[in-house]
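In what follows, chains carry the letters A, B, and so on, assigned in the order in which the sequence lines appear, proteins first and then strands, with residues in each chain numbered from 1.
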Protein chains: 2
Amino acid sequence: MNLHVRVLTIGALAKATGVTTPTIRYYEEIGLLPPAPRTAGGQRSYDDDDLGRLTFIKQCRDFGFGIDQVRVLLDLSISTKRDCVETRDIAQVHLDEVRQKLAEMRLLERRLESFVTRCNVACAGGPGQDCVIFKDMAAPAKAGGCCGS
Amino acid sequence: MNLHVRVLTIGALAKATGVTTPTIRYYEEIGLLPPAPRTAGGQRSYDDDDLGRLTFIKQCRDFGFGIDQVRVLLDLSISTKRDCVETRDIAQVHLDEVRQKLAEMRLLERRLESFVTRCNVACAGGPGQDCVIFKDMAAPAKAGGCCGS
DNA sequence: CGTACTCCTTCAAGTAACTTGAAGTTCAAG
DNA sequence: CTTGAACTTCAAGTTACTTGAAGGAGTACG
């Protein structure tokens, strides 16, 4: 449909993708993006290909993939014999990691919750003269109370 | 009960607390731990106070508090007018952040899950000639398919 | 006393993934 | 032609450590 190529400044590309301009330059520096051609004045100029590539990168980052994983995914996306199974495997590994992290965070949430609750029960309303949280925390046992007896 | 003061090397302190020796030196460098007294030969030596302090730090870190928060908590723990309410507030803010993060991760998990599932449904068993994941990912819409039509 | 071995020392640099700041240039508008 | 936003580069800061190199201290054994 659209035969003419849109040209974007780095700022426009940033707005279009949600990636900040310093981050775009950073991506160029580490080779995630090819060196951008420059205008007469030396400013970077981008086209729709760059828009697509950076959007892809952004999506991957939002999925929580690390830069190196994004590199692999980008290669896969460019390869002529692109392998969806390999992509799936990368995502599966990442999903496993996310679930692991999620479990840890759930545990952490419960621990913090009980911490705060105990603080409220024992000390709400003013400074706790008898707060033993610090002694509790300095003991090697499982972390626990805040202001208990 | 025990009147004599145990003296610990940095390695023994590390083992007792679960904090690595380079990390202990790092904590000293950034002022979380006071400069340790040295033996004649120049090696650091620690006592039970250090053990308590470092254990406290470790517990806080395991709770996910940042170094600067640990600094505040340490100050509170030393202050004569220690304020349990302030401690509670710090923990409450942190808990809110953890819950926020947790919500994001749950969403991420669901998205990744559907990603992997779609890959399996459409492409399991070999390279996907028609895999459109990459075009999907390069489109600015909500991230989505892997190998669907 | 020597030697072997582990543990200790410092200092510098590396990690992830950017962000921030300084000082200066280019572009579009009025 | 001047203003001001957006662009340029380069260096350093961020978080919380980890890793590596080169060498000294402490302890056990013979």
Side-chain angles (χ1 to χ4, degrees), chain A residues 6-33 35-47 50 53-54 56-74 93-94 97-98 101 104 108, chain B residues 6-33 35-47 50 53-54 56-74 93-94 97-98 101 104 108:
Chain A
R6 263 181 300 169
V7 170
L8 303 163
T9 63
I10 196 171
L13 183 64
K15 225 165 250 171
T17 57
V19 177
T20 67
T21 52
T23 299
I24 294 172
R25 293 194 197 98
Y26 169 72
Y27 283 167
E28 178 179 317
E29 192 184 318
I30 64 172
L32 266 195
L33 291 175
R38 304 304 183 101
T39 64
Q43 301 193 353
R44 290 173 179 81
S45 69
Y46 297 93
D47 61 20
D50 298 310
R53 188 178 175 94
L54 184 54
F56 180 84
I57 293 169
K58 179 63 161 55
Q59 301 270 354
C60 289
R61 296 290 296 125
D62 286 349
F63 263 97
F65 291 105
I67 294 288
D68 282 349
Q69 289 172 311
V70 175
R71 247 183 255 276
V72 174
L73 292 171
L74 271 173
V93 167
H94 182 50
E97 288 165 1
V98 166
K101 191 86 185 169
E104 285 167 22
L108 179 60
Chain B
R6 264 181 300 170
V7 171
L8 303 164
T9 63
I10 196 171
L13 184 63
K15 225 166 247 171
T17 56
V19 177
T20 67
T21 52
T23 298
I24 293 172
R25 294 194 196 97
Y26 169 72
Y27 284 167
E28 179 179 318
E29 191 184 319
I30 64 172
L32 266 195
L33 292 174
R38 304 303 182 102
T39 65
Q43 300 192 356
R44 289 174 180 81
S45 69
Y46 298 93
D47 60 21
D50 299 309
R53 190 180 175 93
L54 184 53
F56 180 84
I57 293 169
K58 179 65 160 53
Q59 302 269 355
C60 290
R61 296 289 298 125
D62 286 349
F63 264 97
F65 292 105
I67 295 288
D68 282 348
Q69 289 172 313
V70 175
R71 246 184 256 274
V72 175
L73 293 171
L74 271 172
V93 167
H94 183 49
E97 288 165 0
V98 166
K101 191 86 185 168
E104 285 168 21
L108 179 60

**OP:** Check the distance between C:dT26's P and A:Gln43's CD and give it to me in whole angstrom.
**Re:** 8 Å
Original post:
B:Leu32 CG to D:dT15 C1': how many Å, rounded?
Top reply: 13 Å
Original post:
Hey, which of these two, B:Tyr46 or A:Gly66, hits DNA chain C nearer its 5' end, going by closest nucleotide?
Top reply: B:Tyr46
Original post:
Is A:His94 reaching over with its side chain to a backbone N or O of A:Phe63, donor-acceptor style, under 3.5 angstrom?
Top reply: yes
Original post:
Does any non-hydrogen side-chain atom of A:Arg71 lie less than 4.5 Å from one of A:Asp68?
Top reply: yes
Original post:
Charged N to carboxylate O below 4.0 Å: is that the case for A:Asp50 and A:Arg53?
Top reply: no
Subject >> D:dC7 phosphate, OP1 or OP2, under 4.0 Å from A:Arg44 side-chain N/O >> reply: no
Original post:
How close or far is atom P of D:dA16 from atom CG of B:Leu54, stated in whole angstroms?
Top reply: 16 Å
Which atom pairs, donor and acceptor, lie under 3.5 Å between side-chain atoms of residues 15-24 of chain A and protein residues at least two apart or in another chain?
residue: A:Thr17; atom: OG1; partner: A:Leu13; partner atom: O; Å: 2.8
residue: A:Thr17; atom: OG1; partner: A:Ala14; partner atom: O; Å: 3.4
residue: A:Thr17; atom: OG1; partner: A:Val19; partner atom: N; Å: 3.3
residue: A:Thr20; atom: OG1; partner: A:Thr23; partner atom: N; Å: 3.4
residue: A:Thr20; atom: OG1; partner: A:Thr23; partner atom: OG1; Å: 2.8

Original post:
So, is A:Tyr26 near the phosphate of C:dA16, with a side-chain N or O under 4.0 Å from OP1 or OP2?
Top reply: no
Original post:
Does OP1 or OP2 of D:dC7 have a side-chain N or O of A:Arg25 closer than 4.0 Å?
Top reply: no
**OP:** Please determine if a side-chain N or O atom of A:Thr9 lies less than 4.0 Å away from the OP1 or OP2 oxygen of D:dC7.
**Re:** yes
**OP:** Take atom CZ of A:Arg71 and atom C1' of C:dA16, then tell me their distance rounded to the nearest Å.
**Re:** 12 Å
Original post:
Within the structure, does a side-chain N or O atom of B:Thr39 lie under 4.0 Å from either OP1 or OP2 of D:dG26?
Top reply: yes
**OP:** Compare side-chain N and O positions of A:Thr23 against OP1 and OP2 of C:dT19 and report whether any pair is under 4.0 Å apart.
**Re:** yes
Subject >> B:Leu8 CG to D:dG26 C1', straight-line distance once rounded to whole Å >> reply: 16 Å
Subject >> Interatomic distance, A:Glu28 CD vs C:dC18 P [rounded to whole Å] >> reply: 15 Å
**OP:** Taking only the side-chain nitrogens and oxygens of B:Thr21, find out if one of them lies under 4.0 Å from OP1 or OP2 of C:dC7.
**Re:** no
Original post:
Below 4.5 Å, heavy atoms only, C-beta onward: do A:Leu32 and A:Tyr26 meet side chain to side chain?
Top reply: no
**OP:** Rounded to the nearest angstrom, tell me the gap between atom CD1 in B:Ile24 and atom P in C:dT9.
**Re:** 10 Å
**OP:** Using a 4.0 Å heavy-atom cut-off across all strands, classify B:Ile30 as base, sugar-phosphate, or nothing.
**Re:** nothing
Original post:
Rounded to the Å, how far apart are A:Arg38 CZ and C:dC27 P?
Top reply: 12 Å
